[in-house]
Engineer: 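Right, I'll just put the structure down here and ask away after.
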Amino acid sequence: MGAAVVSLTGIGQSLRGGDELVFLADAQRATSAGLLSPDSVHLLTHQLHTWTFAAQDAILGGAPNLELRVTQAGFASLAILLLAAAVHDLAGQQAARIAAWLLVFEPTNVFFSTLLHKEALMLLAAAAVVYGAAIIWRSGSLRGLAPMTAGCLIGVATRPYAGYFLIGAAAVTTLHASLRPQTRQSLRSNAMLALVILLGAVSAPTVWHASSPTELQTLQRSQNANASGPSNLKLELVDYSTAGKVITNLPRRLADLVTKPYPWQVANISQQLGAIGTMVEYVVIIALASVAISRRRLFRRAAPLGYATLFLLVTYALSAGNAGTAFRYRTHVIAMALCLLVVIREHGAWPRQRSDVPASLAPVSTTSSSSRQR
């Protein structure tokens, strides 16, 4: 519905930007060459979003623009279902319902999920990783490996650098789960440790390559170009020329990603829509800060969501060259943060003994049996 409304108003082109035209042109060339041609296979493994456009075009004999957007909305809807399922595993049925409604009506998610871009698939990738991690976190079952692997593969094939950060989030969550008292003495703990080693072995070469001087210089050139451009949303230049300077300057870019652009900086309707996401994020940050102060120990209940949020923040802070791209990137971070907030607040309600909280996650009463009898 959101895609149809934007298209019918006649402002779709100014809202959606020019990247869509580039991706559609690449998809048409892939369709003409054949879905099994070398160029199409390259898209499948490096630009999955473009390959999905080409596949629809080939199957439907020229898919209309709106149908392509409906497919992207379908990917985003599946992501919301997976996130709701993860929240259900971590905090129960009521929390899952609240998270689902928040995600469905979060305004920037509604808009960016229908872009012919990478965002819907990246949201799906992150959601699959979180869902798999939630299964492993709650029960120690390696059933979560399947969705977690699928999410990592989708992420690497769509936005490679973010995909490898998702692998990192999966590895850290699995490692933490293997060290919990519930699994530390079991064979499942050994299996999860082996999984962490495997994930590290898979991602280490790419991480090493990404931190090489050549790659860091490429990243720095991108930052220089964005900082010197005419955009009203350009960010202050940061120095990413060495690994040490990346670590030093990353906090500044994290703050930029979270807080900018300020409402008075936006210049057109597209930027105004993105600024709504900024307002939503301010609210989420304040709410998370309040529960962090009063319920610090409850963050361990939501570790899969916490790690995913942190790793996505870092990867997008490294790659964001201006506040315009941060609009899109922030959609995924807001989705994770909303679910994180719901889980933490729901666990804070446990003293009321909610009936829909999974029994395996319910707190253990310290009241003695003799006092209960009295």
Side-chain angles (χ1 to χ4, degrees), residues 76 78-104 106 109 122-141 144-145 147-148 150-152 155 162-163 165-180 254 257-258 280-281 283-292 294-316 329-350 357-358 360-361:
L78 178 57
I80 290 174
L81 288 175
L82 290 174
L83 286 173
V87 172
H88 181 276
D89 278 354
L90 296 171
Q93 182 178 349
Q94 178 168 317
R97 285 198 298 266
I98 295 172
W101 282 111
L102 288 174
L103 292 172
V104 166
E106 197 278 301
N109 187 44
M122 284 307 305
L123 182 61
L124 177 58
V129 169
V130 168
Y131 174 58
I135 294 174
I136 292 176
W137 183 260
R138 180 187 173 189
S139 63
S141 171
L145 179 60
M148 202 160 60
C152 290
F165 270 82
L166 286 176
I167 292 176
V172 171
T173 306
T174 304
L175 176 62
H176 192 167
S178 70
L179 299 176
R180 301 179 74 202
L254 282 169
L257 178 68
V258 170
V280 172
E281 191 165 39
V283 173
V284 173
I285 290 172
I286 294 172
L288 279 174
S290 67
V291 297
S294 60
R295 300 164 186 167
R296 287 171 291 180
R297 290 182 297 176
L298 292 178
F299 270 101
R300 67 173 180 263
R301 308 282 188 179
L305 286 160
Y307 286 129
T309 303
L310 176 62
F311 274 74
L312 285 175
L313 269 173
V314 171
T315 186
Y316 287 138
Y329 296 163
R330 209 161 44 204
T331 305
H332 315 140
V333 178
I334 291 175
M336 299 297 140
L338 283 171
C339 293
L340 176 63
L341 177 63
V342 170
V343 171
I344 294 173
R345 292 189 66 85
E346 188 68 13
H347 280 296
W350 276 359
V357 175
S360 62
L361 294 175

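Throughout, numbering of the chain's residues begins at 1 and tracks the sequence. Heavy atoms only: backbone and side chains are in, while hydrogens, waters and symmetry mates are out.
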Engineer: What closest approach, in Å, do Val130 and Ala86 show between heavy atoms, and which atom pair accounts for it?
Structural biologist: CG1-CB, 3.8 Å
Engineer: Does the side chain of Thr173 come within less than 4.5 Å of Ile136's, by heavy atoms?
Structural biologist: no
Engineer: Can you name the nearest heavy-atom pair linking Ala95 to Glu346, along with the distance?
Structural biologist: CB-CG, 3.7 Å
Engineer: Looking at every non-hydrogen atom in both residues, tell me the closest pair between Leu90 and Ala134 and how far apart they are.
Structural biologist: CG-CB, 4.1 Å
Engineer: Could you grab the distance from atom CD1 of Ile80 to atom CH2 of Trp101, nearest 0.5 Å is fine?
Structural biologist: 11.0 Å
Engineer: Side chains of residues 332-339: which donor-acceptor partners sit under 3.5 Å, not counting sequence neighbours?
Structural biologist:
from	atom 1	to	atom 2	distance (Å)
His332	ND1	Tyr316	OH	3.1
His332	NE2	Glu119	O	3.2
His332	NE2	Glu119	OE1	3.2

Engineer: Do Val258 and Leu254 come close enough that some side-chain heavy atom pair is under 4.5 Å?
Structural biologist: no
Engineer: Quick check for you: to the nearest 0.5 Å, what is the distance between His88 atom NE2 and Leu83 atom CG?
Structural biologist: 14.5 Å
Engineer: How many angstroms lie between atom OG1 of Thr174 and atom OH of Tyr307, to the nearest 0.5 angstrom?
Structural biologist: 10.5 Å
Engineer: So, using side-chain contact (heavy atoms from CB on, under 4.5 Å) as the criterion, who are the partners of Leu81 when residues are at least two apart?
Structural biologist: none
Engineer: To check you understand the geometry: which heavy-atom pair defines the closest contact between Leu340 and Ala302, and what is its length?
Structural biologist: CD1-CB, 3.5 Å
Engineer: Test of understanding: with side-chain contact (heavy atoms from CB on, under 4.5 Å), list the residues that count as partners of Ala125, not counting sequence neighbours.
Structural biologist: Ile154, Leu166
Engineer: Going by side-chain contact (heavy atoms from CB on, under 4.5 Å), name the residues that satisfy it together with Phe311, two or more places apart in sequence or in a different chain.
Structural biologist: Phe165, Ala169, Val172
Engineer: Test of understanding: with side-chain contact (heavy atoms from CB on, under 4.5 Å), list the residues that count as partners of Leu341, not counting sequence neighbours.
Structural biologist: Ala287, Leu288, Val291, Arg345
Engineer: State, to 0.1 Å, how close Ala162 and Thr315 come at their nearest heavy-atom pair, and which atoms those are.
Structural biologist: CA-OG1, 3.7 Å
Engineer: Check the pair Trp137 / His176 against side chain to side chain contact (heavy atoms under 4.5 Å, CB included), numbers first and verdict last.
Structural biologist: CA-CA 8 Å; Trp137 183 260; His176 192 167; 3.5 Å; yes
Engineer: With a 4.5 Å limit on heavy-atom distance, are the side chains of Pro147 and Leu82 in contact?
Structural biologist: no
Engineer: Taking the side chain as every heavy atom from C-beta outward, state whether Ile135 and Asp89 have any atom pair closer than 4.5 Å.
Structural biologist: yes
